[in-house]
Engineer: 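Below is the structure I would like to discuss, written out as C-alpha cells.
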Number of protein chains: 2
Amino acid sequence: MERSIQDIARLSGATSRTLRHYGDIGLLEPSRIGVNGYRYYDDDALVRLQRILLLRELGLGLPAIADLLAGDREQADALERHLRWLRLEKDRLDRQIGSVEATIRRMRGGEELMAEEMFDGFDHTQYRQEVEERWGTEAYASGDRWWRSLTAAEKAKFREDQKSVQADYLAAIAAGASVESEEVLAITRRHYDWLVVGWQGRRPTPEQFVGMGDLYVADERFGAKYGGLEGATFVRNAMAAFAERNL
Amino acid sequence: MERSIQDIARLSGATSRTLRHYGDIGLLEPSRIGVNGYRYYDDDALVRLQRILLLRELGLGLPAIADLLAGDREQADALERHLRWLRLEKDRLDRQIGSVEATIRRMRGGEELMAEEMFDGFDHTQYRQEVEERWGTEAYASGDRWWRSLTAAEKAKFREDQKSVQADYLAAIAAGASVESEEVLAITRRHYDWLVVGWQGRRPTPEQFVGMGDLYVADERFGAKYGGLEGATFVRNAMAAFAERNL
DNA sequence: CTAAACGTTGACGCCGCGTCAATGTCAAGG
DNA sequence: CCTTGACATTGACGCGGCGTCAACGTTTAG
C-alpha cells in the first residue's frame with residue numbers, strides 16, 4: 001500500500017510539513033518519489049513514523065531518535081540518559097515554582113522586588129571569593145540576587161536558623177556528644193536543611209556536602225565561629241557522618 | 001559610579017553579550033554611551049539588571065520581564081500566569097518521566113518498541129470518530145500510538161480493568177445502589193483511574209469527566225455495554241457525583 | 001612602540017517545525 | 001477543453017536567548 005503525504009499525515013497525526021522536515025534531515029525518507037516530485041510512503045515508512053512520533057512524545061530530540069532507531073542496541077541506555085535529564089528538568093521546575101510562589105507572596109505583601117541596599121548588617125559577601133572559586137561567578141551572583149530578593153523577615157529567619165544550629169553544635173561539643181549520635185545527626189539535618197534553603201532548593205550531592213565540611217576546617221573564619229579547629233573538625237565529621245547515613 | 005560593560009558583567013554574573021542583547025531589545029539601556037561607542041552603566045542600571053536576572057531565573061521570558069518592570073501594577077498577576085504554566089510544564093514532565101520509565105522496562109524485557117499489527121482483537125479504533133471530533137485527530141493518533149506501544153500483558157490488564165469496572169457497575173445497578181453511595185463512588189474511582197491510565201496520566205477536568213458520562217448516554221454502543229439507557233444514565237450520574245465530590 | 005585586554009557592530013547557529021509565498025499537478029465537473 | 005479546488009513542491013523567514021565567530025577599533029600597562 002502506498003499513500004500520499006496527506007494520507008500519512010492524517011493517519012499519524014503529524015503534519016505534511018513535519019514529514020517534509022523529516023525527509024530533509026534524513027530521519028524518514030519517502031519510500032518513493034514520483035516523477036512529479038510527490039512523496040509516497042509505504043507501510044514500513046508508516047511504522048517507522050509511528051515510532052518516531054512515539055519517541056518524540058517522550059521528549060527525545062530528533063537526532064536522538066535517529067540514533068535510537070538506527071538500533072545501536074544500547075537503546076535503553078539512551079533512554080536512561082534522557083530520563084536523567086528529564087528528572088533534572090523536573091527538579092529545576094520544582095525550584096522555580098517554589099521561588100515564583102514566594103515572590104508572589106512577597107509582592108502581594110507589598111515588598112519590593114529586591115532590596116537596593118547592598119549591605120544590611122549581615123555580610124553575605126563574606127565568602128564571595130571562595131564561592132566564586134568553587135562554584136563560579138554566576139553561582140555567587142545568583143545567590144546574591146536570591147538573598148537580596150528576600151524580605152527582612154526571611155533574612156532574619158535565615159540568620160536565626162544559622163545561629164540556632166551553631167549554638168546547638170557548640171552545646172553538643174561541650175557535652176562531649178559523638179558525631180554519630182542521634183542528637184548530633186538531628187542538628188546536622190537542620191544544618192543541611194538550612195543550606196538547602198540557601199541554595200534555593202538545589203540539594204548538594206553527598207560529596208559537595210562533605211566538601212563544605214572540609215572548607216570549615218580549612219578556613220579560620222569558619223572555625224572561629226565553631227570554637228576553633230576542634231569545633232570545625234567536629235562539625236565536618238558530623239557532616240560526613242550525616243552524608244554517609246542520609247544522603 | 002559608572003562602570004564598563006565587563007565590570008557589570010562580573011558584578012552581575014551575566015555576560016557582556018547578554019548586556020548588549022538587552023540593549024538591542026530595549027530591556028536595559030546603558031546609562032551613557034561614550035564617543036567611542038563604549039557602553040557605561042550606573043547603579044540604577046545595575047539594580048535594574050539584577051531585577052531582570054532574578055526574574056529570568058524564575059523562568060520568565062524577556063518580554064514578560066519588560067512588562068513586569070514597566071510596572072503595570074498587575075505584576076503579581078503576570079507571575080500567577082507564569083506559575084500556572086510552570087505547573088503545566090511540570091505535569092507534562094511527570095507524564096514523560098513515567099512513560100520513559102515504562103518504555104525502558106519494556107525494552108529491557110525484550111519487547112518491541114511498538115506492535116506492528118494494527119488489530120488484536122480489541123478494537124481500540126472503535127470510537128475513533130468521536131475522539132477525533134471531540135479532541136482532534138492528533139489526540140486520537142497519540143492514543144493509538146500509546147496503545148500499540150503497550151506490551152500484551154499491559155493491554156490485557158487494561159481490558160481486564162475495564163471489564164471489572166463494568167461488571168461492578170452492573171452489580172451495583174442490580175442491587176439498586178445509589179449513585180452517591182460509598183460503594184458506587186469506589187467503583188467510579190476505579191473507573192476514573194482506568195481513564196487516567198488511558199489518557200497517559202493526563203487528568204480530565206471535572207467538566208471533561210462529566211462530559212464523557214454524557215457521551216455514554218448519547219451513544220448506544222456505550223449503553224449496550226451497561227445494560228441499556230438506564231445503565232448508561234446510572235453510570236453518567238455516578239460520574240457526575242464523583243466529579244462533584246472528588247475532582 | 002607593542003602586546004594584551006577590552007570594546008564595537010554584524011551575522012550565523014541552535015531546535016523543530018509553523019507559516020507564508022510562489023508555483024506546479026491532479027481529479028472532478030461543466 | 002477549461003475551470004475550480006484540493007493537493008503537491010521548494011525556498012525562506014521566524015521564534016528565544018543568547019553563544020560564538022569574524023573583522024576591526026580603543027585603551028592600558030610595560
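Bear in mind that the values here come from a model prediction, so they are computed numbers and not experimental data. Numbered from 1 within each chain, the chains take letters A, B, ... in sequence-line order.
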Engineer: OP1 or OP2 of C:dG18 versus the side-chain N and O atoms of A:Thr15: is any pair under 4.0 Å?
Structural biologist: yes
Engineer: Round to a whole Å and report the spacing from NE2 of B:His21 to P of D:dG16.
Structural biologist: 10 Å
Engineer: For a quick test of reading the model, state the closest non-hydrogen atom pair linking A:Leu28 to A:Ala45 and the distance between them.
Structural biologist: CD1-O, 3.7 Å
Engineer: May I ask you to say what B:Leu62 touches in the nucleic acid, namely base, sugar-phosphate or nothing, with a heavy-atom cut-off under 4.0 Å?
Structural biologist: sugar-phosphate
Engineer: Please tabulate the protein-to-nucleotide N/O contacts below 3.5 Å involving nucleotides 20-22 of chain C, giving atom names and distances.
Structural biologist:
none

Engineer: Starting from P on D:dG11, measure out to CD1 on A:Ile25 and report it in whole angstrom.
Structural biologist: 17 Å
Engineer: Answer with base, sugar-phosphate or nothing: what part of the nucleic acid does B:Ser4 contact at a heavy-atom distance below 4.0 Å?
Structural biologist: sugar-phosphate
Engineer: For the residue pair A:Tyr40 and A:Arg3, establish whether any side-chain heavy-atom pair is separated by less than 4.5 Å.
Structural biologist: no
Engineer: Rounded to whole Å, please give me the gap between CG in A:Leu53 and C1' in C:dC17.
Structural biologist: 13 Å
Engineer: CG of B:Asp7 versus C1' of D:dT27: gap in Å, rounded?
Structural biologist: 14 Å
Engineer: B:Tyr22 has an atom OH; how far is it from atom P of D:dG16, in whole Å?
Structural biologist: 14 Å
Engineer: If I take atom CG in residue B:Leu49 and atom P in nucleotide D:dC18, what distance separates them, rounded to the nearest angstrom?
Structural biologist: 11 Å
Engineer: What's the CD-C1' distance between A:Gln6 and D:dT9, to the nearest Å?
Structural biologist: 13 Å
Engineer: Looking at A:Asn36, I'd like to know whether one of its side-chain N or O atoms comes within less than 4.0 Å of OP1 or OP2 on C:dC26.
Structural biologist: yes
Engineer: Do the side chains of A:Glu89 and A:Leu93 get nearer than 4.5 Å, heavy atoms only?
Structural biologist: no
Engineer: So how far is it from B:Gln96 CD to B:Asp91 CG, rounded to the nearest 0.5 Å?
Structural biologist: 11.5 Å
Engineer: Looking at every strand, decide which applies to B:Gly34 at a 4.0 Å heavy-atom threshold: base, sugar-phosphate, or nothing.
Structural biologist: nothing
Engineer: Are side-chain heavy atoms of B:Leu46 and B:Gln50 found at a separation under 4.5 Å?
Structural biologist: yes
Engineer: Does OP1 or OP2 of C:dT9 have a side-chain N or O of B:Arg39 closer than 4.0 Å?
Structural biologist: yes
Engineer: Whole angstroms only, please: what is the CD1-P distance between A:Ile52 and C:dG16?
Structural biologist: 12 Å
Engineer: Using the rule given for side-chain hydrogen bond (donor to acceptor under 3.5 Å, both in side chains), can you reason through A:Glu154 versus A:Thr151, listing the C-alpha separation, both sets of side-chain angles and the distance that settles it, and then say yes or no?
Structural biologist: CA-CA 5 Å; A:Glu154 286 167 327; A:Thr151 65; 3.3 Å; yes
Engineer: Evaluate the ring planes of B:Phe158 and B:Trp194, with Trp represented by its six-membered ring, and classify them as parallel (under 30°), tilted (30 to 60°) or perpendicular (over 60°).
Structural biologist: parallel
Engineer: Name the closest nucleotide to the A:Pro63 side chain, picking from C:dG16, C:dC17, C:dC6.
Structural biologist: C:dG16
Engineer: Among D:dC7, C:dC6, C:dC17, which nucleotide sits nearest the side chain of A:Tyr38?
Structural biologist: D:dC7
Engineer: For B:Gly61 and B:Tyr40, find the nucleotide of DNA chain D closest to each by heavy atoms; which residue's nucleotide sits nearer the 5' end?
Structural biologist: B:Gly61
